[in-house]
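Proteins get letters first, then strands, A, B, ... in listed order; numbering begins at 1 in each.
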Protein chains: 2
Amino acid sequence: MTIAQNDIAIGALQLPQPYLLFLGDTTEGGYAKTAYGLRDWAPEKCMGEYRLAGASVTTGLQALSPAEAEAAGARSMLIGVANGGGVIPPNWVPALIEALEAGLDLVSGMHVRLRDVPGLAEPAERLGRRLIDVRHPPEGLTVANGAKRSGKRLLTVGTDCALGKKYTALALARAFADRGVDADFRASGQTGIMIAGGGLPMDAVVSDFGAGAAELLSPDAAPDHWDVVEGQGSLFHPAYAGVSLGLLHGSQPDVIVVCHQPGRTHVLGAPGYALPSIEETIELNLRMGARTNPAIRCAGLSFNTAHLDADAAEALMAQESRRLGLPVADPIRGGDAFARLVDACLA
Amino acid sequence: MTIAQNDIAIGALQLPQPYLLFLGDTTEGGYAKTAYGLRDWAPEKCMGEYRLAGASVTTGLQALSPAEAEAAGARSMLIGVANGGGVIPPNWVPALIEALEAGLDLVSGMHVRLRDVPGLAEPAERLGRRLIDVRHPPEGLTVANGAKRSGKRLLTVGTDCALGKKYTALALARAFADRGVDADFRASGQTGIMIAGGGLPMDAVVSDFGAGAAELLSPDAAPDHWDVVEGQGSLFHPAYAGVSLGLLHGSQPDVIVVCHQPGRTHVLGAPGYALPSIEETIELNLRMGARTNPAIRCAGLSFNTAHLDADAAEALMAQESRRLGLPVADPIRGGDAFARLVDACLA
C-alpha cells in the first residue's frame, strides 16, 4: 500500500512532527476521529495528548502539557477534534496560545483558518510559529465530466458520519497490499490527509467542483490497480448528503463497503433524524452510484464495535452477516470475518 | 411577489445598470441562460447585446458595441453566458478590455474572479472601472441542522441542468402574487441573484455548507407565506448532483415542480449520459426530499417548449399530463395549463 500520494500533492505542505494531539473540551467521541486516526495509523507521529477541563474524550496516550511535549521533542500541536462546522470555540484559544508560547506550531484541519481565529495571529507572528491549515483544496479544480476511468475503485460509505469510513479504507488498503495487490489509500478528509500526506479535502471544495475533485482524487490507473477511497458523510445526513453524493458520483466505485456503528439510532448532529437501515443504505448507494458506474456492487459491511466486548461483537456480526447475506467485519478486530470481507472486495 | 431579498443581502453589492449583455463566442444555447433570464425578467436593465465572431446564440436584443452602449447610457457589460466550470476563455479578454476602455464596468457570475483573469486587473485599475463578481457566498455560513422551519416552500427541480428551473420559479412566484399569495422568489444562482438583487450562489458555497446555505436561503416565515426557490442542476447529473441534493435537503420543500425540456435526450456537459425519465426524476426527488420534509409532494411539470410551435407544444403537454396524471405547463406560454399548475402548487 502506498499511503503517500505523490501525484496529488496538497501544495508543499510539510507538517512539523511529532504531534501533541489537542482534544479541547470535547465530550462527543464521534468528533475526535482525527485524534483516534492519528493514534492508530501514525502512532510514531504522536507524542501524547492535551485536554481541557471538561473533556471526556481521550486517545489513551500520555497527558502532556505543551511545554512538556516540546521538551520531549514534539514540534507541533495538532487539533485532533472536528466538531460540527469546523469551528474553534473561544475557550480553546488560551491553550492554543500556550502551545505557541511553548515553541510548538499549530496544525488544524478545521474549516476556519487558524489565522482568522481571534487572538492567534499576533502571538504566532511574534513568536515565529507557524499556523498550518490542512483543509485547503488545491487551485484549478474543474467540474466532473463523468467519463469512465481505468483501474478499480472501492469507496467506503456509511449509515452516518463519523463511524469508521476512514479506518475501513485504511485497513482495506493495507489488507490489499498484504495480499500483493497494488493499492492506494485515497484521503478525502483532513485526518486522512494528515496520515497520508496528500489527498483532497472534499468537504472544503466548492460545491460545483465536488464530483470533479473526486474524479481527480482517483485518476486513471493500471487495470488491476485499486484505489481505496475514504468516504465522507452519508446520503441520509441532512447536512452532508451533497458531499457524499458528489464523492460517490466522482469516485465511480466498482465496490462499496457500507460502514455502520451498531446501536447508533440517530444521525450525529441532526436531532430527530433516525439512522437509515443497513439495507436502505446499501440500496440507495448502489442506485445513486450506478449513475456513473453501472457495475457497482456492495462487497459487505464494516461494523464499528468498539463499544462491545469481543464475544458480543462476534455474535452480532455473524448474525448480521447471515441476515444480510454479506460479509460483516470490524477491521479493528480483524480475523476471519475481515479476511472474508477482503475476499469479497477483490472477488 | 417580492423579488428583492432584503433579509439575505449579498454584501453591499450594487450592480451598475443598465447592462450590455456579453455573449462571447457561445454556440450552446443552454449556456446563455444568464442573458436570456435578464432579457425576460429584467428587460428595463438590458440595453443590448455584444457578441464575438463565431457566436450563434443571441438574445434578439439590438447589437451594440461597448462604445455604442456606453453612449446610449449603459453602465456595465455583464457576462451573459455560463459555460461549464465558469471559466472565461482567453479569446474573450480583448472584448472585456474594450468594454473597460469604453467606460463600462464588468459584471460576472463566473466561478473565476474577474481580477484573476490575466489582462483585466491592470486596465480596470488604470481606467477606474470596477470588476464585479456576483458569485461570492457570504461569510459565516454554517452546516445545516435539519430542523423544520415555518412557512411553505416550493423548489423547482429538473431532469437536467439549464432547462428552465429559474424561469419556472420566477413565473410561479409572480403567479402566486397575482393571486394574492404572499410569496418570495429565492435565487440560488448568479442570474437569479442579478435579477433579484439577492440570494445565495449555491454552486459556489463550500460543500460542507451546501444544505446549510439552502436553509438560510428560505428562513422561517409566516405559516401562509411561500418561498419559491430556484433549483440547481439535477440529482442525475454526474457533476452537479451533490449541489442539487444539498439544495433539496436544505430547502425542505413542501412542493416540487419538475422542469424538463422535451426532446433533450442527453445530459448537458456529460457525453454518454442519457436523460432520466420524468417518472424517475419525480420519484427520486420525492424520496430524497422526504428525508427533511416527509410531506413533500410533486405538484406538476414545467416544460420548456421553446423549440416547438404552439400547437405541437399544447398537444404534447396535454398528452404528457394525461399520461402522468399531473398538470403540465410551459410558464412562458402561460394559459389554462399554467393556471392548473399554479392551482396544484397551492392546493
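- In this structure, chain B has a heavy atom under 4.5 Å from the backbone of A/Ala274, while its side chain stays farther away.
- When every heavy atom of B/Tyr273 is checked against every heavy atom of A/Asn145, the shortest pair comes out as CE1-O, 4.5 Å.
- Between chain B and the options A/Val112, A/Leu141, A/Thr292, heavy-atom pairs under 4.5 Å are most frequent for A/Thr292.
- Salt bridge status for A/Arg287 with B/Glu283: present, with a side-chain N to carboxylate O gap under 4.0 Å.
- Nearest heavy atoms, B/Leu235 versus A/Met288: O-CE, 4.3 Å.
- Most heavy-atom pairs under 4.5 Å with chain A: of the set B/Ala241, B/Ser244, B/Gly272, B/Ser207, this distinction falls to B/Ser207.
- In this structure, A/Pro238 and B/Ala144 approach most closely via the heavy-atom pair O-CB, 3.8 Å.
- With chain B as partner, the option from A/Gly246, A/Ala270, A/Ala204 having the largest number of non-hydrogen pairs under 4.5 angstrom is A/Ala204.
- Within residues 247-256 of chain B, the residues having any heavy atom under 4.5 Å from a heavy atom of chain A are, by residue number, B/His249.
- Within the 4.5 angstrom heavy-atom criterion, only side-chain atoms of A/Val267, from C-beta onward, approach chain B.
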Next item on the list: Output, in order, the C-alpha distance, side-chain angles, deciding distance and verdict of side-chain contact (heavy atoms from CB on, under 4.5 Å) for B/Arg135 and A/Asp208.
Entry: CA-CA 12 Å; B/Arg135 194 189 288 227; A/Asp208 234 12; 4.0 Å; yes

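- A/Phe236 and B/Arg291 make their closest contact through O-NE, 2.6 Å (heavy atoms, listed as atom of the first residue, atom of the second, distance).
- Of all the listed residues (B/Thr142, B/Asp203, B/Leu245), the one sharing the greatest number of non-hydrogen pairs under 4.5 Å with chain A is B/Asp203.
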